[in-house]
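The block underneath contains the structure these notes are about, expressed in structure tokens.
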Number of protein chains: 2
Amino acid sequence: MNTPESIKKTSSYHHGNLKESLLTTALEMVDKEGIDALTLRELTMRLGTSRSAVYRHFPSKEALILGVIEKGYERLDLLLTPIFQDKHSSVAERFDRMGREYLDFAIHHPTLYRLLFGDKYHREREELCDYKDENQATGLYALIGLLLEAQEQGIIAQANPMVQAAMVWASIHGLASLLIDGHLLMRENMEEIYVYSQSVLLNGLKRIPKDE
Amino acid sequence: MNTPESIKKTSSYHHGNLKESLLTTALEMVDKEGIDALTLRELTMRLGTSRSAVYRHFPSKEALILGVIEKGYERLDLLLTPIFQDKHSSVAERFDRMGREYLDFAIHHPTLYRLLFGDKYHREREELCDYKDENQATGLYALIGLLLEAQEQGIIAQANPMVQAAMVWASIHGLASLLIDGHLLMRENMEEIYVYSQSVLLNGLKRIPKDE
DNA sequence: ATTAAATGTGAACAATGTCAACATTGCCTT
DNA sequence: AAGGCAATGTTGACATTGTTCACATTTAAT
């Protein structure tokens, strides 16, 4: 039909776009009110449908949340990918911007971030494994490409880039987690910690330990 | 009375040691079966009491869990403190052993670890803030002392030890979290990642970035 | 137009944390 | 030793939540 999808059908029985609306609204609820605020009753009430309508589109609440997670990854990728792909910036610049953007995402979307990188719900795809080529630039895989580039330019030492990426990611993820989970009461020192952290990382990656 | 506390009272009505038993059994359930397996009904059933008996000792399930967390911190401290205080080992050795012990704890007690350093439940005390003196050697505060010692010996560069500790802790915490939450499919590479990670940290801490 | 698949509804159920009223025990004061 | 009170434990009930089932309504295909 020629009806734009943004316009609701006159039919009040069939929602018309329930699956997508469920995901979008659920993501919003998780992001703004926390994961505990996401109950099927509240979610469906906001969309004007009944609780069990969810089960026509998702086999369980968990499946719905997995959908939300997929959407969350897309949002994060949307922020990170342009930075990784900006060939006009130096490697060091991109490294810095990537870390800041990642931390900002976690700080501004703590519940969503925990959902993405927590343990309770998992999507199929895993991070930082089976890296094939640098065109596989999505999300954290792009970090491997960036590190390879850094190796070629002699900015950091040669080493298994997947191991390097795991180390770097773990550092930033750890910082993000401790921060948003309230274990580092140093919010005012955040800039100092971040800058110091990045410099330790880059300096540490620069030299391979020979002896000891 | 002369009755050893390990021997249950003949009275079947009053448990006699319910608060401690609740904490111990709850910790065991969390550790071995996951946080979701910890329901008040199951917990009290195992102890032979009724569900609501819990509320004579804890105002809520959350309060009980906070008690479990406190016990969890004690266990972790019990593992870490001896390492930090072993003045016979070199700083580098202690640094390595601390990291390994910390990671081992997370790997062998993933649910408990998430409880300790997650966001859902919080104890009052926070980590790595208000460090007073190196005698305050408990848990992660001891890391600050170790870093100060490393600074004195010239093993790492002079810098704010709290910032250094936050950076180091975040790195190891990030590695532990990603691992136990299934985001790093590199379990077989674990040793390699850990060793590399520690060398990057030590090398990075060694040099203060002057320019750039 | 008929039929079947897709989608939505309402009632009901089980699990769970919580609470209130009541029961039992232990301890303290006299 | 007796009485009384606080501590501790029990039972039944309730609200919330995810889930399921039988049924209703709409859409699409034949």
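Here the structure is a predicted model, which is why all the values come from computation and not from measurement. So that the names make sense, note that chain A is the first sequence line, chain B the second, and so on, each numbered from 1.
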Between P on D/dA7 and CG on B/Asn17, what's the gap in Å once rounded to a whole number? 18 Å
Starting at OH of A/Tyr55 and ending at P of D/dA24, how long is that distance when rounded to a whole Å? 22 Å
Any donor-acceptor N/O pair under 3.5 Å between C/dG17 base and B/Arg51 side chain: no
Taking donor-acceptor contacts at under 3.5 Å, does the side chain of B/Ser52 reach the base of D/dT11? yes
Separation of C/dT16 atom P from B/Met45 atom CE, nearest Å, is 9 Å
For B/Glu42 and C/dA14, give me the distance from atom CD to atom P, rounded to whole Å. 19 Å
Less than 3.5 Å apart, any donor N or O on the side chain of B/Gln198 or B/Tyr194 sitting next to an acceptor on the other? yes
With sugar-phosphate meaning primed atoms plus P, OP1 and OP2, does B/Thr39 contact a base, only sugar-phosphate, or nothing at under 4.0 Å between heavy atoms? sugar-phosphate
Please state how far atom CG in A/Leu22 lies from atom C1' in C/dT7, giving the value in whole angstrom units. 12 Å
Please work out which of the three classes, parallel, tilted or perpendicular, describes the rings of B/His183 and A/Trp169, given edges at 30° and 60°. perpendicular
Please tell me which of A/Asp36 and A/Arg56 maps to the more 5' nucleotide of DNA chain D, matching each residue to the nucleotide holding its nearest heavy atom. A/Asp36
Spell out, as yes or no, whether a donor-acceptor pair under 3.5 Å connects the side chain of B/Asp96 to the backbone of B/Ala92. no
Work out which heavy atom in A/Leu179 is nearest to a heavy atom in A/Ile107; give both atom names and the distance. CD1-CD1, 4.2 Å
The answer to which of A/Leu18 and B/Ser60 contacts DNA chain C further toward the 5' end, by nearest nucleotide, is A/Leu18
Can you tell whether the side chains of B/Arg94 and B/Glu149 come within less than 4.0 Å, N to carboxylate O? yes
To the nearest angstrom, the CG-C1' distance between B/Leu43 and C/dT18 comes to 15 Å
If you take any heavy atom closer than 4.0 Å to DNA chain C, which residues from residues 26-35 of chain B end up in contact? none
Just by distance, no angles: are the side chains of A/Tyr196 and B/Gln164 close enough, under 3.5 Å, to form a donor-acceptor pair? yes
State whether B/His57 places a side-chain N or O below 4.0 Å from either non-bridging phosphate oxygen (OP1 or OP2) of D/dA7. no
Using a heavy-atom cut-off of 4.0 Å across all strands, would you classify B/Leu38 as base, sugar-phosphate, or nothing? sugar-phosphate
Take the protein atom CZ of A/Arg41 and the nucleotide atom P of C/dA12, then report the distance between them rounded to whole Å. 14 Å
In whole angstrom, what separates B/Leu40's CG from C/dA15's C1'? 12 Å
Tested for ring-ring contact (aromatic ring centres under 6.0 Å, His included) against B/Tyr73, the lone hit among B/Tyr113, B/Phe105, B/Phe117 is B/Phe117
